[in-house]
Undergrad: 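Take this structure, written in structure tokens, and hold onto it; I'll ask about it next.
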Amino acid sequence: MKTARVVVDVPAMQTDRLFDYLIPPKWNDLIAPGMRVIVPFGPRKVQGFVMEISETTEIEKLKEIHTILDLTPVLTKELLDVGNWLTEKTLSFKISALQVMLPAAMRAKYEKEIRLTSNEFLEKLDPVISKWFQINHVVPWEQVEKSNELTLFQKAIQSGSLEVVYKVKDRASKKTVRHVLPVLSKEELMELLKTLPSQAIKQKETIEYFIKKPDSVEIKDLLNIVNGTEASIKTLIKKGVLKQVNVESYRDPFEHHHFEPTTPLPLTKEQTKVITPILQSIEEDQHEVFLLYGVTGSGKTEVYLQSIETVLKKGQEAIVLVPEISLTPQMVKRFKGRFGSKVAVLHSGLGTGEKYDEWRKIHRKEVSVVVGARSAVFAPFENVGIIIIDEEHETSYKQEDNPRYHARDVSIFRGQYHNCPVILGSATPTLESFARTSKDVYKLLTLRERVNDRPLPTVEIVDMREELKGGNRSMFSTSLFEKLNDRLEKKEQSVLLLNRRGYSSFVMCRDCGFVMNCPHCDISLTYHRSSQSLKCHYCAHEIPMLKTCPECDSEHIRFFGTGTQKVEEELTKILPQARVIRMDVDTTSRKGAHERLLNDFGERKADILLGTQMIAKGLDFPYVTLVGVLAADTMLHLPDFRSSEKTFQLLTQVSGRAGRHELLGEVVVQTYTPEHYSIQLASHHDYDSFYQNEMSIRRQHAYPPYYFMALLSISHPEVLKVVEVAEKITSHLRNSLSEQAIILGPVASPIPRINNRYRYQCMIKYKQEPNLTKLLKQILTRYQREISGKGLGLSFDLNPYILM
DNA sequence: AGCACGCCGACT
DNA sequence: GTCGGCGTGCTC
């Protein structure tokens with residue numbers, strides 16, 4: 001008897017294994033690994049993934065598979081392997097590793113209902129609940145739960161009058177458009193034309209259309225052609241002349257976009273040198289990881305495009321990862337312009353349905369290039385010829401919840417599987433990647449020159465302490481103000497970056513120093529101007545803005561920190577004639593708002609673009625000649641060993657936004673710590689020195705890339721319990737790991753409480769611990785009971801990016 | 001995660 | 001004597 005081994009959609013430690021199910025004989029030839037199924041699991045039904053088909057089983061009382069959800073596997077053999085590997089690497093549940101590879105629309109939705117078993121029982125029911133079933137014989141469980149008659153329902157269920165129904169719903173909805181087509185032949189239509197009453201003009205026109213073109217046509221288009229209304233078509237359908245059919249179609253997120261076709265540009269000498277080994281690796285089906293280190297404006301994208309072209313010519317497919325690409329419509333334009341409809345785009349700005357549609361295009365091989373954010377690395381191609389990660393240093397490639405994977409690692413895994421090259425591109429590579437080139441694990445390819453020989457912009461560092469001493473208390477230094485003014489006069493554009501990370505606008509009393517904290521999380525509340533309220537960024541707790549200080553009743557309670565709104569206000573004060581576009585969460589939350597703002601700026605409808613991090617990436621506007629960084633060092637002081645690296649990357653990236661075309665660019669960096677090496681070296685565009693400097697610091701403090709890291713987080717509603725468990729685990733680790741491993745902690749997390757749960761953490765730095773995953777799994781098993789029952793939280797992040 | 005089963009305290 | 005609390009263990 002054929003059985004299927006299934007991973008069920010129950011993310012818990014005890015169910016994190018395969019369950020065997022009988023395959024009903026009618027599906028014997030249909031079923032295959034990688035398909036989604038619905039299976040009975042205990043009293044309910046759940047979604048699951050078929051991992052293997054087997055002829056044998058050790059289980060005696062097998063249940064049958066209830067439904068097959070797919071006709072072709074949604075996960076290829078390779079992706080199932082990727083899933084297993086992810087499970088192992090990130091210590092996540094199998095089900096989570098599988099689900100993360102598919103668009104959200106394919107995840108099941110569960111519904112529980114109470115149903116009247118049969119009409120005859122309606123009278124037997126207690127009158128209190130029988131009225132529930134008078135009209136509808138089915139009632140959603142949520143309503144039952146809310147009612148106060150739970151016991152009555154229970155009794156009715158026991159007696160058999162009512163039953164519990166478990167439903168598994170696919171939320172994937174395929175968009176359909178309505179088409180009509182003629183049922184009659186051409187001759188019959190012509191005959192009909194004669195018999196129509198003379199006032200039925202629209203019907204006549206419609207029939208004439210079909211005589212000329214007897215194919216199915218979208219109703220919307222037909223109405224446009226005959227300039228009619230649906231009424232005429234409805235009558236024709238009623239008369240049996242036409243037939244309506246619903247045709248499956250794709251939602252097209254780029255429906256109203258036109259992409260100018262582009263052709264390959266001639267490569268510079270340097271670009272040619274760089275692309276040669278890549279092409280060779282493609283031709284020879286050799287897996288290799290290349291680090292393409294190229295200064296901003298050195299033409300990395302053209303190298304990508306031409307490499308992809310070679311891959312497509314070979315009949316293979318390409319995956320391109322870009323950071324959060326809704327932010328860089330310009331990037332999409334370049335790919336769509338070169339490869340047209342062969343490109344699918346997967347980015348966070350798309351709705352669930354749109355993502356599902358793009359995914360299906362990939363799955364059906366209707367496209368051969370996918371451009372997308374992190375999760376696009378799981379594109380279900382089967383003949384991948386190249387994987388490209390642009391802006392390799394971006395932290396958004398690391399997923400921060402389970403499974404905590406890094407897209408770079410997945411890319412390399414898939415690259416090995418497909419024997420194809422993986423390209424990591426960046427102007428500021430991570431130290432990890434750059435270090436690997438010196439060990440020859442990755443091949444280094446360098447682009448030192450900018451394409452049109454534009455010099456890199458000059459960078460001026462302004463010491464804001466001096467400005468303050470000189471009596472300038474505004475957030476604009478004299479120099480920046482003068483330069484902004486100068487650009488206004490010259491009708492050139494400026495970009496202002498407010499680095500807000502680690503710089504929230506908290507509320508403080510100026511008289512007693514009281515800071516308003518979240519009552520559930522030990523973190524200050526953030527002021528939101530639009531809603532006049534204070535919000536917690538961790539648990540969404542919200543209170544109205546305070547009028548007086550709760551401690552001392554003073555009215556001098558104000559928010560501190562600088563928001564983009566505040567900068568905008570001050571900007572309009574000092575430069576009233578300037579037209580400013582502000583880009584932050586508030587102005588870009590609406591769909592498409594981001595792109596519209598950028599378009600406006602590109603069309604020079606504004607002089608100054610003011611924004612947060614989101615404007616640092618990939619923007620390319622010819623008239624931008626000035627970039628101002630308002631506070632360069634705000635993230636330098638975060639409790640994160642990568643803060644210098646992040647600062648250097650950010651400054652280098654924004655500097656690259658100025659003077660990309662004919663006009664020369666200039667950058668002003670305002671800071672309170674001008675002497676810091678990451679600011680100094682970024683201002684000289686000196687990555688190499690930064691690398692050397694930072695590496696020696698990393699070595700001194702035993703940080704990556706010299707050591708691997710693992711972060712264990714322990715949380716519980718009671719402090720004492722957290723401390724107890726944290727200490728036990730830490731000492732267990734100290735006893736079990738090798739002498740070389742450095743185990744720090746346990747200490748309270750930088751945010752010691754979130755949602756009324758106290759948080760402790762323990763950090764492991766290690767070089768080689770082959771037993772680490774095994775050990776961590778043991779720890780999980782040991783505390784399993786307390787995790788599922790007693791509110792204990794344990795999470796492990798191997799190679800963490802956020803240390804809070 | 002859900003859900004059933006089962007073993008002890010406060011009620012008709 | 002029963003209803004119902006939630007601890008324990010299972011789901012192919």
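Reminder, nothing fancy here: chain letters follow the sequence lines and each chain counts from 1.
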Undergrad: Just N and O in the side chain of Lys61(A): are any of them under 4.0 Å from OP1 or OP2 of dT11(C)?
TA: yes
Undergrad: Between the side chains of Glu432(A) and Arg408(A), is the shortest nitrogen-to-carboxylate-oxygen separation below 4.0 Å, so that they form an ion pair?
TA: no
Undergrad: Of all of residues 17-31 of chain A, which get a heavy atom below 4.0 angstrom from DNA chain B, listed by number?
TA: none
Undergrad: What string of B, S and - do you get for nucleotides 2-7 of chain C, 5' to 3', if B is base contact, S is sugar-phosphate-only contact and - is no contact with any protein heavy atom under 4.0 Å?
TA: --S---
Undergrad: Can you see whether Ser738(A) engages Glu769(A) through a side-chain donor-acceptor pair at a distance of less than 3.5 angstrom?
TA: yes
Undergrad: Checking Glu542(A) against Ser533(A): is there a side-chain donor and acceptor pair closer than 3.5 Å?
TA: yes
Undergrad: Going 5' to 3' through nucleotides 5-12 of chain B, assign each nucleotide B (protein heavy atom under 4.0 Å from a base atom), S (under 4.0 Å only from sugar-phosphate atoms) or - (no protein heavy atom that close).
TA: --------
Undergrad: Quick check for you: among dC12(C), dC3(B), dT11(C), whose closest atom lies nearest to any side-chain atom of Gln14(A)?
TA: dT11(C)
Undergrad: Below 4.0 angstrom, N of the basic side chain to O of the carboxylate: do Lys355(A) and Glu358(A) qualify?
TA: no
Undergrad: Base, sugar-phosphate, or nothing for Glu60(A), non-hydrogen atoms under 4.0 angstrom?
TA: nothing
Undergrad: Are Glu317(A) and Lys365(A) close enough for a salt bridge, meaning some N to O gap below 4.0 Å?
TA: no
Undergrad: Students often get this wrong, so: under 4.0 angstrom with heavy atoms, is Tyr166(A) touching a base, only sugar-phosphate, or nothing?
TA: sugar-phosphate
Undergrad: Can you list every pair that meets side-chain hydrogen bond (donor to acceptor under 3.5 Å, both in side chains) and has a residue in residues 41-65 of chain A, with sequence neighbours left out?
TA: Asp20(A)-Thr57(A)
Undergrad: Show me the pairs that pass salt bridge (Lys or Arg N to Asp or Glu O under 4.0 Å) and involve residues 88-101 of chain A, at least two apart or across chains.
TA: Glu88(A)-Lys777(A)
Undergrad: Relative to Tyr250(A), does Arg360(A) satisfy both conditions: NZ or CZ under 6.0 angstrom from the six-membered ring centre, and within 45 degrees of the ring's axis?
TA: no
Undergrad: Can you sort out the partners of Lys155(A) under side-chain contact (heavy atoms from CB on, under 4.5 Å), two or more places apart, ordered by chain and number?
TA: none
Undergrad: Looking across every strand, which nucleic acid part, if any, lies under 4.0 Å from Arg785(A) by heavy atom: base, sugar-phosphate, or nothing?
TA: sugar-phosphate
Undergrad: Once you apply a heavy-atom cut-off of 4.0 Å, does Ile59(A) come out as touching a base, just sugar-phosphate, or nothing?
TA: base
Undergrad: With a 6.0 Å cut-off on ring centres, are Phe378(A) and Tyr405(A) close enough?
TA: yes
Undergrad: Under 4.0 Å between any heavy atoms, over every strand shown, what does Lys112(A) touch: base, sugar-phosphate, or nothing? Just pick one.
TA: sugar-phosphate
